[in-house]
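A short worksheet on the structure shown next.
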Amino acid sequence: NLRFFMGRQARRQAVTGSSVPLLTSPDRVSAIGAIPPSGAVDYVWTIPAHWTPGTLIFTQVAAVAPTGQGVLSNSVPLLVH
């Protein structure tokens with residue numbers, strides 16, 4: 001299952017059992033669900049009204065196995081237009 005993190009602050013927080021740290025503040029967390037065999041997932045999310053143009057946000061994805069073990073992606077900065 002995938003979890004999508006969006007936050008306003010970059011950070012570097014070690015996560016037990018993961019070689020990649022948590023790289024964003026988890027201001028918003030969305031459960032995207034299982035990855036289909038195609039390996040691609042489309043997900044629509046809304047931007048809060050207070051995130052005005054020029055706002056910098058950071059995103060990161062966690063893939064969590066049924067065993068509970070997770071893997072974090074690298075972080076991606078996004079600029080709201």
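Owing to the predicted nature of the structure, the values given are computational and were not obtained by experimental measurement. All heavy atoms count here, side chains included; hydrogens, waters and symmetry mates do not. In what follows, residues are counted from 1 in the order of the sequence shown.
Linking ILVMFWY side-chain heavy atoms closer than 4.5 Å, directly or via other members, places Val61 and Ile35 in a single hydrophobic cluster. No single ILVMFWY cluster, assembled from side-chain heavy atoms under 4.5 Å apart, contains both Leu79 and Ile57. Under the 4.5 Å side-chain heavy-atom criterion for ILVMFWY residues, a single connected hydrophobic cluster contains both Val41 and Leu78. Note on Phe58: it does not cluster hydrophobically with Val80, by side-chain heavy-atom contacts below 4.5 Å among ILVMFWY residues. Under a hydrophobic-cluster definition in which Ile, Leu, Val, Met, Phe, Trp and Tyr are linked whenever side-chain heavy atoms come within less than 4.5 Å, directly or via other members, Val71 and Val15 are assigned to different clusters.
The two residues Val20 and Ser73 come nearest to each other via the heavy atoms CG1-O, 3.5 Å. Closest approach of Ala34 to Asn1, counting heavy atoms only: N-OD1, 3.1 Å. Of all the heavy atoms in Gly7 and Asp27, the pair that sits closest is CA-OD2, 3.4 Å.
With hydrogens and angles ignored, the 3.5 Å screen pairs a side-chain donor or acceptor of Ser25 with a backbone N or O of Gln9. Checking side-chain atoms of Ser30 against main-chain N and O of Ile32 turns up no donor-acceptor pair under 3.5 Å.
To the nearest 0.5 Å, the span separating CZ on Arg12 from CG on Leu22 amounts to 11.0 Å. With rounding to the nearest 0.5 angstrom, the CZ atom of Arg11 is 7.5 Å from the OG1 atom of Thr24.
Inter-residue side-chain proximity for Arg3 and Pro26 is flagged as unmet; no heavy-atom pair is nearer than 4.5 Å. Contact of the Arg28 side chain with the Thr46 side chain is registered, since non-hydrogen atoms from C-beta on lie closer than 4.5 Å.
Residues satisfying the ring pair (Phe, Tyr, Trp, His ring centres under 6.0 Å) test with Phe5, not counting sequence neighbours, are none.
Residue pairs that meet the side chain to side chain donor-acceptor pair (under 3.5 Å) test with at least one member in residues 51-66, sequence neighbours left out, do not exist here.
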